[in-house]
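Okay, so here's the structure we're looking at.
All heavy atoms count here, side chains included; hydrogens, waters and symmetry mates do not.
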Amino acid sequence: MPDVSDPHADRDREIERFWSEARRRGKLESLLPGYFGAAPITVVVPPAWSFGADADQADRLLALVLEGTKTATASAFEDYTDDDPVPERGSLGILLDGAGHPRALIATTEVSVVPFDEVDEEHAYAEGEGDRTLRQWRVDHEEFFTAVDPLGRGFRRDMPVVLEHFTVLYRH
């Protein structure tokens, strides 16, 4: 019988290797004294995900992160669940490219939840997309939140939006 490799297992192993390297190079393990024993940061792999709705968008947005242009993101608050909670300050995440390969480790530095209409120019600029204006951010994000609506709630101007700022700790 041929040995058929599970693609998810291969991806999981690649993410675990990336996490091991990112922890070491980012000196994350040195943040806690050794007398505490094994810290969760050394054994729990952060969630791995990509920006956008498809591979091309994931690659385009990842490129903005890697070049330092994109330092923030926005997501629909209502899409979060108990199993996938709203990020908190200090949360770690592994960014994947469009093919599902780990490329960067990020840490959330700030999180707020505001109505769509209250997102400000500063946040739009930090997202680094398009011409970086609030006008363009609103056009692009209304389109995105309308097209990517897993719960079918529909876009609303007063819908709560999670605004997340982050920093890159390690890039591959």
Side-chain angles (χ1 to χ4, degrees), residues 1-34 36-111 126-130 140-141 143-153 161-172:
M1 182 118 174
D3 180 20
V4 179
S5 179
D6 176 3
H8 295 293
D10 290 344
R11 180 176 167 250
D12 291 346
R13 281 191 294 274
E14 182 180 10
I15 289 170
E16 286 176 20
R17 284 191 303 272
F18 174 88
W19 173 232
S20 178
E21 183 72 9
R23 273 192 342 252
R24 187 178 63 74
R25 291 207 177 180
K27 299 183 172 112
L28 297 178
E29 293 168 349
S30 67
L31 297 177
L32 297 173
F36 283 127
I41 200 166
T42 65
V43 293
V44 178
V45 179
W49 47 274
S50 58
F51 286 115
D54 58 40
D56 290 337
Q57 195 172 42
D59 285 339
R60 183 175 53 78
L61 296 175
L62 175 65
L64 293 173
V65 170
L66 295 176
E67 69 187 29
T69 303
K70 182 174 182 62
T71 60
T73 192
S75 50
F77 175 79
E78 294 162 340
D79 290 347
Y80 288 94
T81 65
D82 289 341
D83 293 332
D84 182 21
V86 172
E88 298 176 355
R89 187 173 188 265
S91 298
L92 299 176
I94 296 173
L95 293 183
L96 306 174
D97 64 19
H101 301 291
R103 297 293 310 280
L105 175 66
I106 63 169
T108 300
T109 57
E110 181 182 335
V111 179
E127 283 213 30
E129 300 171 40
D140 292 346
H141 283 75
E143 181 181 303
F144 180 83
F145 291 144
T146 299
V148 181
D149 184 11
L151 301 176
R153 293 191 172 126
V161 177
V162 177
L163 305 182
E164 180 181 359
H165 290 258
F166 57 83
T167 187
V168 176
L169 300 176
Y170 173 72
R171 67 192 78 215
H172 178 68

Report the C-alpha separation of Thr71 and Thr167 in whole Å, then their side-chain angles, then the decisive distance to 0.1 Å, and conclude whether the side chain to side chain contact (heavy atoms under 4.5 Å, CB included) test is met. CA-CA 6 Å; Thr71 60; Thr167 187; over 6 Å; no
Scan for salt bridge (Lys or Arg N to Asp or Glu O under 4.0 Å) pairs involving residues 56-80, sequence neighbours excluded, and state none if there are none. Lys70-Glu127, Lys70-Glu129, Glu78-Arg156
Rounded to the nearest 0.5 Å, what separation is found between the [atom1] atom of [X] and the [atom2] atom of [Y]?
X	Y	atom1	atom2	result
Phe51	Leu62	CZ	CG	8.5 Å
Ile106	Arg171	CD1	CZ	11.5 Å
Ile94	Tyr170	CD1	OH	11.0 Å

Do His172 and Glu21 meet the criterion of a side-chain donor-acceptor pair at a distance under 3.5 Å? no
Candidate list Val45, Leu105, Leu96, test side-chain contact (heavy atoms from CB on, under 4.5 Å), partner Phe18, passing option: Leu105
Say whether, by atom type as modelled, one donor and one acceptor occur between the side chain of Glu14 and the main chain of Asp10 under 3.5 angstrom. no
Donor-acceptor pair, Ser91 side chain versus Glu88 backbone, under 3.5 Å? yes
At their closest point, which heavy atom of [X] faces which heavy atom of [Y], and how far apart are they?
X	Y	answer
Gly128	Leu64	O-CD1, 3.5 Å
Val86	Val111	CG1-CG1, 4.1 Å
Ser50	Ala58	CB-CB, 3.8 Å

Measure the acute angle between the ring planes of Tyr80 and Phe77, then classify it against the limits of 30° and 60° as parallel, tilted or perpendicular. tilted
Considering residues, nucleotides and ligands other than Glu143, do more than 12 of their heavy atoms fall under 6.0 Å from its CD? no
[X] versus [Y]: any side-chain heavy-atom pair under 4.5 Å?
X	Y	result
Phe144	Gln57	yes
Leu66	Arg103	yes
Leu95	Val168	no

Identify which one of Thr73, Thr109, Thr108 satisfies the side chain to side chain donor-acceptor pair (under 3.5 Å) criterion when paired with Glu164. Thr108
Charged N-O contact under 4.0 Å between Glu16 and Arg13: no
Partner set under ring-ring contact (aromatic ring centres under 6.0 Å, His included) for His141, not counting sequence neighbours: Trp137, Phe145
